[in-house]
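One structure is given below, encoded as structure tokens.
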Amino acid sequence: MNFDFSDDQKYLKEQARKFLSEQSSMAVVRTVLNDEQKSHDAGLWKAIADMGWLGAAIPEEFGGLGLGELELCVLAEEMGRSLAPVPWASTVYFFAEAIKIAGTDAQKTAILPKLAEGGVIGCVAASEGPGEPRATNLKTVFDGTSVTGMKVPVTDGDCATHALVLAKHQDGTSLVIVDLSGAGVEAKAIKTFDPTRSHATLTFTKAPAQLLGEAGDGEALLHRVYDRAAVLLAFEQIGGSQACLDMATDYAKGRYAFSRQIGSFQAIKHKLADMYVALEIARSNAFYGAWALSSDAPELPLAAAAARIAACDAYYLASKENIQTHGGMGFTWDVDCHLYYRRAKLLAVQAGAPSLWKEKLVRRLEMRNAA
Amino acid sequence: MNFDFSDDQKYLKEQARKFLSEQSSMAVVRTVLNDEQKSHDAGLWKAIADMGWLGAAIPEEFGGLGLGELELCVLAEEMGRSLAPVPWASTVYFFAEAIKIAGTDAQKTAILPKLAEGGVIGCVAASEGPGEPRATNLKTVFDGTSVTGMKVPVTDGDCATHALVLAKHQDGTSLVIVDLSGAGVEAKAIKTFDPTRSHATLTFTKAPAQLLGEAGDGEALLHRVYDRAAVLLAFEQIGGSQACLDMATDYAKGRYAFSRQIGSFQAIKHKLADMYVALEIARSNAFYGAWALSSDAPELPLAAAAARIAACDAYYLASKENIQTHGGMGFTWDVDCHLYYRRAKLLAVQAGAPSLWKEKLVRRLEMRNAA
Amino acid sequence: MDFNDTPEEAAFRQRAQAFLAAQVEPRAGQTESLQKRLSDKEYMLAAKAYQKAKAENGFAGITWPKEQGGLGLAPIFSVIFGQEEGKFDAPAGPFTIGLGMCVPTVIAFATDAQKERHVGPALRGEEIWCQLFSEPSAGSDVAGLKTKAVRDGDDWVINGQKVWTSGAHYSDWGIVLVRTNADKAKHKGLSMFFIDMKSPGIEVRPIHQMSGGSNFNEVYFTDVRVPNSQMLGGEGNGWSVALVTLMNERLAVGGSPGPDYKEIFEWAKTMPGQDGGTLAEDQSFRQKVADWFVRAEGYKLAKFRTMTALSKGQTPGPESSIGKIITANQLQDITHNAMESMDHFGIITDAAYAPSEGVFQQSHMWAAGLRIAGGTDEILKNIIAERILGLPGDVRVDKDVAFKDLPSGR
Amino acid sequence: MDFNDTPEEAAFRQRAQAFLAAQVEPRAGQTESLQKRLSDKEYMLAAKAYQKAKAENGFAGITWPKEQGGLGLAPIFSVIFGQEEGKFDAPAGPFTIGLGMCVPTVIAFATDAQKERHVGPALRGEEIWCQLFSEPSAGSDVAGLKTKAVRDGDDWVINGQKVWTSGAHYSDWGIVLVRTNADKAKHKGLSMFFIDMKSPGIEVRPIHQMSGGSNFNEVYFTDVRVPNSQMLGGEGNGWSVALVTLMNERLAVGGSPGPDYKEIFEWAKTMPGQDGGTLAEDQSFRQKVADWFVRAEGYKLAKFRTMTALSKGQTPGPESSIGKIITANQLQDITHNAMESMDHFGIITDAAYAPSEGVFQQSHMWAAGLRIAGGTDEILKNIIAERILGLPGDVRVDKDVAFKDLPSGR
């Protein structure tokens with residue numbers, strides 16, 4: 001039984017934490033929060049690229065470090081803890097993973113080395129309105145060479161260089177790659193619940209696009225990408241949840257009411273214990289997802305769903321009860337509680353909402369039992 | 001605004017409480033609990049009949065006291081508090097109400113006066129297996145004069161004199177009355193989660209039966225009866241919930257741990273506060289149900305659903321957390337906590353489970369909004 | 001059992017309706033609220049004019065004694081006026097705290113001359129009052145406050161900081177709770193003053209909330225002088241005076257804080273569900289709607305029970321504490337569900353795209369604050385447990401110890 | 001990251017499998033458990049024979065020091081044997097508490113001669129031990145116990161009552177925590193003894209549980225004499241000794257307490273749902289299955305993380321406290337849902353009618369007890385908060401006060 005990260009992976013995590021506590025301090029996060037024009041922190045993005053993190057799980061032949069997905073998981077946790085205001089998840093969990101599992105050699109060669117260097121910023125343009133994007137409700141169309149339609153919201157859409165676009169094609173949907181510096185692309189920033197991450201509408205007018213994977217297989221491929229991203233997001237969510245629990249615990253020890261530390265009251269104790277239990281459930285499910293992801297195990301779809309559901313639960317609970325533990329202070333702009341409350345919501349809807357994943361989980365459970 | 005019971009009704013409630021604390025003490029409840037042969041406490045049944053309660057809401061012309069449904073509500077609350085081991089709910093909320101709203105004059109004349117005297121014990125025989133009994137899954141058949149099939153479970157089926165039977169008939173279902181002393185009826189006691197109330201299987205073999213209400217209208221009529229019973233059951237559930245909260249509060253004041261009253265710990269305080277909040281929500285919804293029932297208001301279906309859902313929630317919470325508050329003592333046979341835990345479950349499934357009522361509530365809400 | 005007014009109540013309600021219809025705009029049909037359409041200054045003028053009209057038409061100080069210019073009516077009439085006022089977009093907000101909590105405290109403890117000077121102007125909307133109790137290190141535990149007042153001749157000199165003060169920036173007067181003796185036990189060294197908010201040394205700064213806006217203030221006191229004659233209730237009796245103020249808080253709270261079952265269910269009919277139909281057709285969503293309905297209606301009906309008690313002349317008890325626990329948590333839950341059920345789209349707050357102009361997202365922020373403001377969930381549950389159920393209080397370590405010797409942390 | 005045994009672990013697992021296959025029946029395929037098929041007496045004989053075989057084949061006292069007849073292996077080997085044993089219907093229950101908690105305490109505190117006398121017979125299944133700590137007025141607060149021992153020559157004389165003692169009626173020896181000095185503070189006046197359960201004055205009575213059965217006992221002590229030489233850890237040190245015993249409790253707990261997501265989901269495929277299909281097809285039910293799955297798997301995987309720590313030679317911390325909170329509450333929730341989803345039929349426990357022989361109904365009763373036994377939800381959350389998160393303890397009113405002067409209530 002060796003259900004844990006290796007010492008090397010733990011060392012990487014420690015280094016990442018140290019690096020981010022300096023390079024992605026809350027002051028850095030707040031420069032993006034407070035500046036509507038700023039889509040991300042470009043300095044931090046460059047520093048992360050210089051560390052080689054963007055290519056951590058990209059094979060060496062395509063310019064990456066050639067480490068595994070487990071290394072990505074430990075980095076994800078620390079990125080989540082630091083609330084790093086960069087297009088990391090969009091680029092690494094979604095875009096790079098999609099190219100890795102479905103790209104042609106030519107596509108990999110064209111995109112991955114630049115991505116590892118920080119020159120390519122990816123994003124996912126699937127949503128067009130409320131609800132899960134499906135063949136039955138999409139309006140964006142791919143005609144074999146170009147794509148036309150509007151996508152909203154696109155996380156990191158206003159700083160991305162490339163988009164993964166889900167579009168109607170033939171009898172179904174296809175996933176296509178669009179170079180956003182090309183013709184027929186208009187990006188417009190929009191406001192969201194989490195201003196520490198940028199969002200945009202992307203409007204395509206016969207924008208040149210190339211197919212990723214099989215034609216007509218877009219939704220299925222997107223869900224395969226989501227499975228991988230779900231595990232990585234789960235670690236990011238765990239990092240955020242742990243940060244909330246740490247903040248709340250620290251506050252509960254230092255804050256006095258009725259001349260006692262508020263952490264000595266059972267109402268606060270049990271609240272934090274509940275947060276801890278939810279976090280342990282999330283962490284254990286995420287570990288299993290990490291194992292499945294890194295070993296390309298057939299358990300991945302089920303493990304990813306469990307990891308995602310548990311992580312969404314833990315982060316929502318931790319972020320809202322962290323505010324509650326802080327009392328009035330928690331409701332102020334200057335205390336960081338709300339940054340996690342905002343981010344928790346973004347991460348919970350970014351790759352499909354939890355209720356959709358619950359249905360997916362049960363369907364996958366039925367398939368496993370039937371097999 | 002006069003959203004409360006009248007002073008007369010409150011006085012009746014007080015008298016009922018006093019009466020039941022003597023006549024339906026826990027010792028009386030436990031004689032039925034501990035004796036598998038004993039379906040109910042016949043002495044208590046007679047005493048209740050003598051008080052006139054069985055006919056409280058039966059018009060004087062049919063031998064009742066001619067009081068209203070509000071009086072029944074206050075009695076129901078006290079019956080619930082005392083866990084009275086008698087076929088009261090089956091007879092009064094279901095059987096008598098069904099005859100009252102759908103019976104012919106002949107049926108009313110034949111049944112209601114005897115019922116008010118205690119000579120008729122009613123029961124509802126609808127269930128034949130897991131899930132809601134519907135036209136699509138019923139096997140029991142009514143051929144116009146007799147009924148054939150098996151019903152399980154029937155609450156109070158082994159002491160009842162009459163049953164309200166839901167059976168397939170023509171293209172739908174009908175509700176029929178069967179005199180259980182007649183031919184073709186076999187009752188067999190069965191064990192349930194709540195041994196303070198008796199249950200049976202009823203097997204009908206061409207048992208003579210007479211139609212209640214319109215032919216083919218059985219399910220709709222049963223649901224109308226359930227709406228009325230739901231309000232009355234809600235008061236019974238509130239009585240039980242209040243008893244649990246009282247027990248738990250009393251115990252929390254008298255029991256010490258770590259040399260403090262356990263009620264001084266926030267974990268216990270907030271647990272009891274949650275019980276109180278649930279109970280207040282239940283009580284307020286039940287009051288509205290009582291108003292709708294007593295004034296034959298078109299709001300009854302929606303109000304009944306809300307009253308039932310809130311009461312089921314409150315009683316389950318109160319009964320399980322009363323055990324928890326009592327710690328190890330709460331898990332013993334001799335302490336009364338489990339009697340409420342058992343009764344809460346019976347009352348939650350007896351007139352349709354809460355999840356079914358939630359769907360009914362939303363459908364009714366849609367109808368109200370459409371109207 | 002009925003939902004009817006008594007004849008006296010019905011007559012009053014009718015008078016109120018007539019007054020309101022003549023005086024202010026109905027809420028329904030307006031796309032933007034009065035407050036949004038007017039500048040801050042214009043809104044304040046409108047509010048003062050409205051309060052003046054209330055006073056002139058016999059709708060101000062409904063429950064106050066007649067000798068103070070009130071109507072001397074039972075609390076039910078206040079509730080009835082509030083119900084009717086709630087149907088209109090009346091600019092009543094700036095007066096809620098002053099007339100609901102501060103001036104009643106003045107009436108209870110001030111001298112006749114002081115009442116003569118202050119009550120009338122407040123009632124006629126000429127002067128606005130605010131309440132200065134909370135401090136950065138004294139929230140749930142108000143009596144732990146540190147702002148101190150030191151006697152200097154006929155005056156007291158106040159230094160310290162208050163927080164979460166609504167309307168401090170437009171208030172003329174305030175009641176302020178301060179520590180006049182740190183050698184006494186926590187609750188025994190406090191005194192209450194009323195104070196001119198224009199006094200030198202008072203600085204008001206808006207608090208930037210996590211929701212983006214600024215509805216509250218910090219108020220800094222630097223060597224602020226207040227005459228001893230403006231002490232209410234005597235030296236060292238501040239806590240008893242504050243309890244009188246806070247007792248009135250419960251009655252001032254009310255109203256729907258944001259979208260409830262109605263709004264989310266109506267909205268769900270326009271949203272895609274999981275199974276190809278609308279969200280309103282999804283079974284799991286419907287089960288939640290039923291739960292929300294039951295709690296929302298339950299709370300509404302519980303208020304009817306309170307009104308019934310008021311109508312019978314009884315004083316409502318701490319039962320009303322359940323209200324905010326239910327509404328704040330339900331608001332957080334409903335808005336959370338609404339956002340998640342939109343999938344990725346739920347994150348948008350941009351009014352150009354967000355359904356219902358982002359009301360679910362905004363309210364999700366507010367809900368987090370609502371669980372804290374005016375008594376946290378945890379404090380309210382303590383109140384229910386102790387005052388309604390009669391459970392013993394928690395162990396107190398702050399009794400019989402000089403305040404200056406108590407630990408206080410951050 | 002992998003789920004493989006080390007070569008050493010794999011070899012041990014293989015040996016254990018071979019031993020178990022030869023010794024006991026596999027659990028799968030049996031309709032009735034061994035315990036149900038045998039009389040109490042036959043079962044006890046089978047249990048003793050099984051324990052003897054374990055000792056003879058090198059599977060008893062896996063983590064105990066070799067000088068005590070143990071194997072001196074790391075805790076992971078105990079877990080591995082437990083995993084394999086769990087696949088069989090092994091009659092191991094009567095020894096769980098004695099070998100898991102009592103004898104380790106004896107090993108830690110008894111004299112060499114006493115260990116020589118007692119450890120071997122316990123290990124070989126010749127003598128069974130029980131643990132006597134809880135009392136009617138000392139549950140969560142074990143140190144509040146009142147059973148007292150008074151010195152009389154070379155003996156102590158015990159009077160009082162213990163409760164919730166598993167296996168007291170078939171045990172040969174017990175360890176009993178008593179108060180030897182009520183003038184000292186609560187935790188300082190306690191002493192631990194081991195005692196012959198056949199001593200005159202000991203009376204064992206079964207407790208009638210709310211679930212109907214009797215798995216525990218009350219034990220009454222009336223002038224029971226125990227030699228001073230059988231005191232463990234010295235006079236007044238009973239609380240420290242008890243902490244050693246209780247530390248071993250966490251490791252002894254495990255296994256599935258009843259139906260989980262798997263069982264209810266399989267079963268739901270045979271049950272009618274709300275929308276005309278099966279319950280397993282109901283959307284709202286499916287959402288719950290996902291939640292149950294996530295918690296059950298999460299807890300299973302958390303145990304894998306603990307095993308990993310054990311496998312690396314680390315000592316598991318209080319993290320394992322989360323296990324019972326999750327499993328007990330989930331069991332109550334799942335069985336509640338199962339019963340309600342059957343509608344009226346869900347109330348039946350009669351084996352002739354109830355689906356799955358009424359396992360949901362039975363487990364719904366058990367779940368209520370499981371939330372209390374071996375540490376209530378509330379105590380476990382305190383442990384998480386204080387020992388894992390490092391939050392301060394609650395205010396203690398029972399320190400530095402003579403026990404006899406403490407309030408104790410009912």
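Reckoned from all heavy atoms, side chains included, excluding hydrogens, waters and symmetry mates. Order of the sequence lines sets the chain letters (A, B, ...), proteins ahead of strands, with each chain counted from 1.
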Side chain to side chain contact (heavy atoms under 4.5 Å, CB included) between A:Val152 and C:Ile348, intermediate numbers included: CA-CA 9 Å; A:Val152 55; C:Ile348 303 175; 3.6 Å; yes

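A distance of 13.0 Å separates OH in A:Tyr256 from CG in C:Asp141, rounded to the nearest 0.5 Å. Separating the OH atom in A:Tyr316 from the NE2 atom in C:His336 is a distance of 5.0 Å, to the nearest 0.5 Å. A:Lys320 contributes atom NZ, which lies 5.0 Å from atom CZ of C:Arg371 (distance to the nearest 0.5 angstrom). Separating the CD1 atom in A:Ile268 from the OG1 atom in C:Thr376 is a distance of 7.5 Å, to the nearest 0.5 Å.
Contacts between residues 324-332 of chain A and chain C, counted as heavy-atom pairs separated by less than 4.5 Å, involve A:Gln324, A:Gly327, A:Gly328, A:Met329, A:Gly330, A:Phe331, A:Thr332.
Considering all non-hydrogen atoms of both residues, C:Asp343 and A:Pro133 come closest at OD2-CD, 4.0 Å. C:Glu340 and A:Ala353 make their closest contact through O-CB, 3.1 Å (heavy atoms, listed as atom of the first residue, atom of the second, distance). Across C:Val397 and A:Arg260, no two heavy atoms sit closer than the pair CG2-CG, 3.5 Å. Scanning all heavy atoms of the two residues, the minimum distance from C:Asp398 to A:Ser259 falls at CB-OG, 3.3 Å.
The salt bridge (charged side-chain N to carboxylate O under 4.0 Å, His left out) test applied to C:Asp400 returns no partner, not counting sequence neighbours.
Between C:Ile347 and A:Pro153 there is a side-chain heavy-atom pair separated by less than 4.5 Å. Two residues are said to be in side-chain contact when any heavy atoms from C-beta on lie closer than 4.5 Å; A:Phe265 and C:Asp394 meet this criterion. Between C:Met210 and A:Ile323 the shortest side-chain heavy-atom distance falls below 4.5 Å. A:Trp333 places none of its side-chain heavy atoms less than 4.5 Å from the side chain of C:Ile207. Residues C:Met365 and A:Tyr341 form a side-chain contact, since some pair of their non-hydrogen atoms from C-beta on lies under 4.5 Å apart. C:His344 places none of its side-chain heavy atoms less than 4.5 Å from the side chain of A:Glu132. A heavy-atom distance below 4.5 Å is found between the side chains of A:Pro130 and C:Pro272. Side chains of A:Thr192 and C:Gln361 form no contact here, defined as non-hydrogen atoms less than 4.5 Å apart.
Of the atoms belonging to C:Met339, heavy atoms from both backbone and side chain fall under 4.5 Å from chain A. Interface remark: A:Thr201 contributes side-chain atoms only to the contact with chain C (heavy atom separation under 4.5 Å). For chain A, the nearby parts of C:Gln332 are the backbone and the side chain; heavy atoms of each come within less than 4.5 Å. With a 4.5 Å cut-off on non-hydrogen atoms, C:Lys186 touches chain A through its side chain but not through its backbone. Proximity to chain A (any heavy atom under 4.5 Å) is restricted, for C:Ala138, to the backbone atoms N, CA, C and O. The part of C:Ile379 that comes within reach of chain A is its side chain, from C-beta onward, which places non-hydrogen atoms under 4.5 angstrom from that chain.
Listed by first and then second residue, the side-chain hydrogen bond (donor to acceptor under 3.5 Å, both in side chains) pairs involving residues 351-360 of chain A are A:His223-A:Lys360, A:Ser355-C:Gln274, A:Lys358-D:Asp291, A:Glu359-A:Arg363, A:Glu359-D:Arg286 (not counting sequence neighbours). Counting only residues at least two apart or on different chains, the side-chain hydrogen bond (donor to acceptor under 3.5 Å, both in side chains) pairs with a member in residues 205-214 of chain C are C:Glu203-C:Arg205, C:Arg205-C:Tyr220, C:Gln209-C:Ser211, C:Gln209-C:Asn215.
Residues A:Lys345 and C:His364 have side chains that bring a donor and an acceptor to within less than 3.5 angstrom of each other.
A 6.0 Å sphere centred on NZ of A:Lys38 holds more than 12 heavy atoms belonging to other residues, nucleotides or ligands. Counting heavy-atom neighbours within 6.0 Å of C:Lys269 NZ, excluding the residue itself, gives a total above 12.
For the options C:Gly144, C:Ser140, C:Gly139, heavy-atom pairs under 4.5 Å to chain A are most numerous at C:Ser140. Comparing C:Gly358, C:Ala367, C:Gly369 by how many heavy-atom pairs each has under 4.5 Å with chain A, the most go to C:Gly369. The candidate from A:Ala257, A:Ser127, A:Gly129 with the greatest count of non-hydrogen atom pairs under 4.5 Å with chain C is A:Gly129. Taking chain C as the reference chain and counting heavy-atom pairs below 4.5 Å, the highest number among A:Gly352, A:Pro195, A:Ala267 is found for A:Gly352. Counting heavy-atom pairs closer than 4.5 Å to chain C, the top residue among A:His199, A:Glu321, A:Gln266 is A:Glu321.
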